[in-house]
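Residue numbers begin at 1 in each chain, while the letters A, B, ... track the order of the sequences. Values in this document were obtained by computation on a predicted structure and should not be read as measured data.
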Number of protein chains: 2
Amino acid sequence: MTTFQRIVLAARPKGEVQADNFRLETVDTPAIKDGQLLVRNHYLSLDPYMRGRMSEGKSYAASQALDETMIGGTVGEVIESKHAKFAVGDTVVGTLGWTEVAVSDGSMLRKVDTTHVPESAYLGSVGMPGMTAWYGLNHIMAPKAGETVVVSAASGAVGSVVGQLAKLKGCRVVGIAGGPEKCAYVVNELGFDACVDYKAGNLEADLEAATPDGIDAIFENVGGKVFDAALARTNAFGRIALCGWISGYDGQPTPIDNFRLILINRLTVQGFIVGEQPELWPEGLAELGKLVAEGKLKFRESVAEGLAKAPEAFIGLLKGRNFGKQLVKLG
Amino acid sequence: MTTFQRIVLAARPKGEVQADNFRLETVDTPAIKDGQLLVRNHYLSLDPYMRGRMSEGKSYAASQALDETMIGGTVGEVIESKHAKFAVGDTVVGTLGWTEVAVSDGSMLRKVDTTHVPESAYLGSVGMPGMTAWYGLNHIMAPKAGETVVVSAASGAVGSVVGQLAKLKGCRVVGIAGGPEKCAYVVNELGFDACVDYKAGNLEADLEAATPDGIDAIFENVGGKVFDAALARTNAFGRIALCGWISGYDGQPTPIDNFRLILINRLTVQGFIVGEQPELWPEGLAELGKLVAEGKLKFRESVAEGLAKAPEAFIGLLKGRNFGKQLVKLG
C-alpha cells in the first residue's frame with residue numbers, strides 16, 4: 001500500500017454544504033519515524049459539529065483549514081508501529097479525519113477492547129455522541145424519576161442515547177423526529193414513551209398530547225420552531241441542555257419567540273460541548289460501554305461504503321436523511 | 001381615622017396598562033382582634049413584576065384577584081397593636097399592598113431599624129429589588145474581577161444595585177439605559193464604567209465600543225432587541241441572569257435571533273425570581289444594609305405623592321419614565 005485516499009476541505013460553504021466543498025485526493029503513504037504509528041481507519045464518524053468547523057464564522061472551535069484533511073472521529077487498526085505503547089493489530093479510536101490511513105504520535109489515540117463492544121460503537125454510543133448524551137442528561141438535565149424529558153433528533157446518535165438513559169432513570173421520555181419510520185423506531189426499538197413527528201403538521205397539538213404533564217427537561221439538538229414549541233410546554237424549574245442547532249447551521253435565521261418563558265418558568269438553559277469535560281469521560285464511557293455490552297443501550301447505524309461517499313453522507317446527515325449514527329466504512 | 005383609601009384591580013389590561021384598570025376606594029378602618037396589628041403605610045413600592053400579576057396568563061405567580069387590594073411591598077409604622085411582637089411606633093416592612101392602612105397578623109411583617117438606613121430604602125436597595133440584584137449577581141453571574149458585566153435598566157432599582165456590586169468586585173461594568181440623563185447618572189453617580197443609551201440609535205456600535213473585550217455576564221431586566229444585541233457580544237462560558245422581560249409584558253412578540261449563541265458560546269442562562277430563595281435573604285439584606293449605611297451603595301428614588309397617583313406612576317414605570325426606584329408616598 002503505497003498510496004491512500006483522503007478528503008480535504010476545498011472551499012467553505014455559502015449556505016448549504018455542497019459536494020464540491022470537498023476534494024478527494026490520493027497521497028503517498030509516508031514512512032513513519034520512531035515514536036509514530038500508522039493507522040488504517042475502518043470507520044469514519046460523521047457528526048453535525050463538522051458543519052460549524054467548515055465556516056470561518058465564530059463557532060466553538062477553530063475553523064477547519066482549507067486544503068487539509070477534514071476533521072473527524074475514526075476507529076481503525078494499527079498497521080505499523082514504532083511506538084512503545086501501540087502494537088500492530090491494536091484497535092484505536094482517535095480523530096484522524098476523513099482519510100483511509102494516518103500517521104499518529106499516539107497522543108490522541110485510545111486503544112479499545114472490541115470483545116463485547118463492536119468497534120463502530122466507539123464512534124457512537126460509546127464515543128463522543130454517547131458522552132454528549134451522558135453529560136447533558138446527567139450534568140445539566142439531571143431528571144428525576146417520573147419527570148418528562150423531551151429529546152429532539154431522537155433517532156440520532158446522541159438523541160437515542162439520551163432517551164434510553166432517561167428511561168433507565170424512570171422518566172417519561174418523548175422523542176421528536178422526522179417521519180413515521182424514525183418515530184416508530186424510537187418508540188418500538190428504543191423504548192421511548194412517545195415520539196412526535198415534526199413533519200406531520202400538528203407539532204403543537206402532538207407535543208401537547210405527548211407531554212400531558214408538561215416538560216421538565218429538554219435535550220436540544222435542532223433548535224428553531226420545533227424547539228420553540230417545546231419551550232412553550234416547559235414546567236417551572238425546567239432544565240435545557242443545548243447541544244446542537246442544526247436548523248441554523250447554514251445561516252438561516254432561527255428566531256425564538258418563547259425566550260421569555262426562561263424567566264416565567266425559571267428555567268436553566270446551558271449550552272455545552274462535551275470535549276470541554278475530559279475529566280468525566282472515563283466514568284461516562286465505562287457506563288456506556290457496560291450498557292452496550294449488556295444489550296441495554298441499543299443503537300442503529302447508517303453506513304456509507306467507501307471514503308468517496310463521505311460528502312454525500314454528510315450532506316444527508318445535515319438534512320436528516322440518515323437514520324441512526326452516520327458512519328463511513330472505509331474500503 | 002375611621003376610613004382610609006386603597007386601590008383595587010378593577011379590570012385586567014388588554015395590552016398596555018391603563019389608569020382605569022384600577023379603582024380608588026374609601027373603606028372603613030376595621031377594629032383589630034387579639035394577635036393583630038394596624039399599620040399605616042408610609043411608602044408603597046411599584047415594581048415591574050406587578051404587571052405579570054395583573055394578567056390571567058401563565059406567569060410565575062398567582063394572578064392578582066379582581067376587586068382586591070393591589071399587591072405591593074410597603075413600609076410603614078404600627079399605629080395600633082394587639083400583637084406581642086409589635087409595638088406602636090415600630091417601622092415595619094411587608095407586602096400590604098396599595099393601601100394607606102392595613103390589618104396584619106404579623107406573619108409576613110419584618111421590623112426594621114431606620115437609624116442608619118432610611119425607611120424607603122427597605123423597598124429598594126435593602127429590600128426586594130436589592131436582593132434580586134444581589135442574588136442574580138452572586139449566585140448566577142458570579143463575575144470575577146476584570147470581567148465585563150452588562151446590566152440593562154441600569155438606572156433602575158435593581159440594575160443600579162447590580163452594577164455597583166459588580167464594581168465592588170472589580171468588574172468592568174456597562175449599563176444600558178434610555179436617554180442621556182439616565183446614562184450620565186449611571187456613569188457619574190453610580191460609577192459604572194460606561195452606559196449605552198439604547199434610544200440613541202446606534203445600539204450595536206455603542207455596545208461594541210463599550211465592551212471591547214466582549215461580555216462575560218449579563219443581568220437582564222428588559223429583553224427584546226436590546227438583549228439580543230448584548231447576547232451577540234457574549235464570550236465563551238458567559239452567564240446570564242434573566243430577571244425581567246419588560247419589553248414583552250404587554251404581550252408584544254419579542255423574538256430573539258441570537259439564541260444559538262447560547263450553544264456557540266456555551267452560555268448558562270437562568271431565569272429566577274428572588275422570592276424563591278428566602279434562605280438567602282438574611283445574608284443578602286445584611287450586606288446591602290451595611291453598604292447603604294456606609295454610603296457605598298447609592299440609590300435614587302422617584303416619588304409620587306399620594307395613593308391616587310399610584311396608577312399613573314406604575315404606568316410610567318412600565319414605560320421607563322421613572323428615574324430610579326419608583327415609590328408612592330402615602331399621605
Side-chain angles (χ1 to χ4, degrees), chain A residues 48-49 52 55 57-61 132 135-136 139-140 214 220-225 227-228 231-277, chain B residues 48-49 52 55 57-61 132 135-136 139-140 214 220-225 227-228 231-277:
Chain A
Y49 77 86
S55 294
K58 194 177 180 187
S59 183
Y60 39 68
T132 301
Y135 178 80
H139 288 264
I140 298 176
E220 187 54 43
N221 288 303
V222 180
K225 290 190 181 307
F227 173 60
D228 224 356
L231 206 44
R233 291 201 53 73
T234 48
N235 293 325
F237 307 113
R239 292 83 58 198
I240 299 174
L242 186 57
C243 170
W245 200 261
I246 289 186
S247 63
Y249 282 2
D250 291 333
Q252 311 92 318
T254 53
I256 293 298
D257 291 330
N258 289 316
F259 198 102
R260 73 173 114 176
L261 288 181
I262 300 172
L263 170 62
I264 291 173
N265 293 336
R266 290 88 83 211
L267 308 179
T268 300
V269 184
Q270 192 175 336
F272 74 106
I273 54 174
V274 74
E276 289 173 340
Q277 288 80 28
Chain B
Y49 78 85
S55 294
K58 193 176 180 185
S59 183
Y60 39 67
T132 301
Y135 178 80
H139 288 265
I140 299 177
E220 188 53 44
N221 287 304
V222 180
K225 290 189 182 306
F227 173 60
D228 224 355
L231 205 44
R233 291 201 52 73
T234 48
N235 292 326
F237 308 112
R239 291 83 58 198
I240 299 174
L242 186 57
C243 171
W245 201 259
I246 290 185
S247 62
Y249 282 0
D250 291 333
Q252 313 92 316
T254 53
I256 293 299
D257 290 329
N258 289 316
F259 199 102
R260 74 173 111 176
L261 288 181
I262 300 172
L263 170 61
I264 291 172
N265 292 337
R266 291 88 82 207
L267 308 179
T268 300
V269 185
Q270 193 175 336
F272 73 105
I273 53 174
V274 75
E276 289 172 339
Q277 287 80 26

Separation between OG1 (A:T254) and CG (B:N258), nearest 0.5 Å, reads 8.5 Å

Heaviest contributor of heavy-atom pairs below 4.5 Å to chain A, chosen from B:I140, B:D257, B:I240, B:L267, is B:L267

Tightest non-hydrogen contact, residues B:L242 and A:L263, listed as O-CD1, 3.3 Å

Bottom line for B:I262: the part with an atom under 4.5 Å from chain A's heavy atoms is both

Those residues at least two apart in sequence (or on a different chain) that pass salt bridge (charged side-chain N to carboxylate O under 4.0 Å, His left out) with A:R260 are none

Note: B:F272 and A:R266 closest approach over all heavy atoms is CA-CG, 3.7 Å

The side chain to side chain contact (heavy atoms under 4.5 Å, CB included) partners of A:I256 (sequence neighbours excluded) come to A:F227, A:D228, A:L231, A:W245, B:F259

